[in-house]
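When a ligand or atom number is given, it counts from 1 through the structure's own listing order. One-based numbering along the sequence shown. Every heavy atom of this structure was used, including side-chain atoms; hydrogens, water molecules and symmetry mates were not.
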Amino acid sequence: MRTTLIDGIGLLYTGDPEREEIEGAALVIEDGRVAWTGEAGRAPDADERVDAAGRCVIPGFVDSHAHLVFAGDRTAEFGARMSGEAYTGGGIRTTVAATRAASDAELAARAAALVAEMNAQGTTTVEIKSGYGLTVEDERRSLEIAAALTAETTFLGAHVVPAGADPDAYVRLVTGEMLRACAPYAKWVDVFCERGAFDGDQTREILTAGIKAGLRGRVHANQLGEGPGVRIACELGAASADHCTHLTDADVDALATSGTVATLLPGAEFSTRSPYPDARRLIDAGVTVALATDCNPGSSYTSSMPFCVALAVREMRMTPLEAVRAATRGGAHALGRADVGWVGPGSRADLVVLRAPSYVHLAYRPGVPLVHQVFRGGLLLE
Ligand SMILES: [Zn+2]
């Protein structure tokens with residue numbers, strides 16, 4: 001088996017709690033996995049040698065929350081919002097109409113282009129949700145398109161009640177025929193639990209039905225106001241409660257004791273000019289925190305994990321180490337993945353070589369393209 005040695009790493013952030021950072025490091029890749037990490041001088045021989053020339057290496061980012069299967073554009077809505085209009089989530093229906101009208105090929109090409117954009121910015125694992133089809137066939141084809149791009153596919157038929165539909169009848173559709181059509185392509189089930197979307201009872205019903213169909217739960221929770229989403233996510237053993245912007249003390253306690261990850265999506269607060277979640281309160285309470293882009297055409301049209309890291313540090317008072325940890329290992333926790341989000345013997349060889357001596361530069365030099373090289377499964381992405 002061919003082995004590759006990456007030598008001359010100025011700083012290796014491993015994401016392994018045993019030894020989180022190694023200065024003057026090297027690592028060996030074998031068969032798509034990391035076979036060895038340690039001090040540069042002690043590295044074993046390999047067939048091929050890559051010189052990192054003092055750059056920092058981190059695990060590939062794990063973007064555990066993205067909505068990439070859609071058509072259309074909401075530039076006008078963003079422009080209006082930045083001119084002073086409030087965000088209510090109603091714009092989802094605009095994207096639903098455009099998505100239903102698009103061909104499979106158009107949707108697949110748009111989603112693939114966004115994944116390529118993410119890869120170029122260091123993301124090597126991405127979750128992709130449905131949720132802009134909201135008919136049995138449009139949700140099914142959205143998930144089929146997502147499944148061609150990632151193993152982390154999420155059925156989000158419960159994104160919003162489509163225009164003109166009766167809410168109770170729609171929940172019956174989501175938990176019945178739509179779930180049956182979508183489950184073969186989905187790993188996760190998600191609900192937008194929010195005033196104007198789905199209430200606590202509906203959220204519980206939809207998640208429970210999804211779990212019964214073999215999916216695991218995740219919830220859009222407590223984004224626009226306090227609500228039952230986080231507590232339901234914790235009760236039902238969801239891997240992640242996402243947004244977590246408006247939390248009571250009971251919500252924080254539930255997250256700290258349940259093992260449900262709090263996934264923070266600061267791109268959404270940035271793009272809707274809203275108050276950011278209180279990351280410090282969560283971290284200090286012992287909650288596992290993840291960072292993700294929430295990439296979607298309405299409320300957070302960024303595909304950039306480095307941008308989210310910078311926001312987390314500047315706006316949410318996370319340390320640079322906490323932010324990088326949340327964007328890698330945190331995301332992996334939020335997806336129940338043990339093979340990604342860290343770099344060490346046995347991990348997948350998903351690596352980002354930064355054009356910088358330290359990951360601190362991700363926040364210190366916001367908006368600067370710092371990704372030098374990306375390896376996914378040991379292969380250099382071109
Ligand atoms: Zn979302």
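- With respect to the Zn ion (ligand 1), H67 has NE2 as its nearest N, O or S atom.
- In this structure, CG on D63 lies 9.0 Å from CG on L335, to the nearest 0.5 angstrom.
- Evaluated for a ring-ring contact (aromatic ring centres under 6.0 Å, His included) with H220, the options W188, F198, F192 yield exactly one hit, F192.
- No option in L68, V69, D138 other than V69 meets the side chain to side chain contact (heavy atoms under 4.5 Å, CB included) test with L107.
- Taking backbone and side-chain atoms together, D294 has an N/O/S atom less than 2.8 Å away from the Zn ion (ligand 1).
- The minimum distance between the Zn ion (ligand 1) and any N, O or S atom of H220 involves atom NE2.
- E139 places a side-chain N or O within 3.5 Å of a backbone atom of G131 that can act as its donor or acceptor partner.
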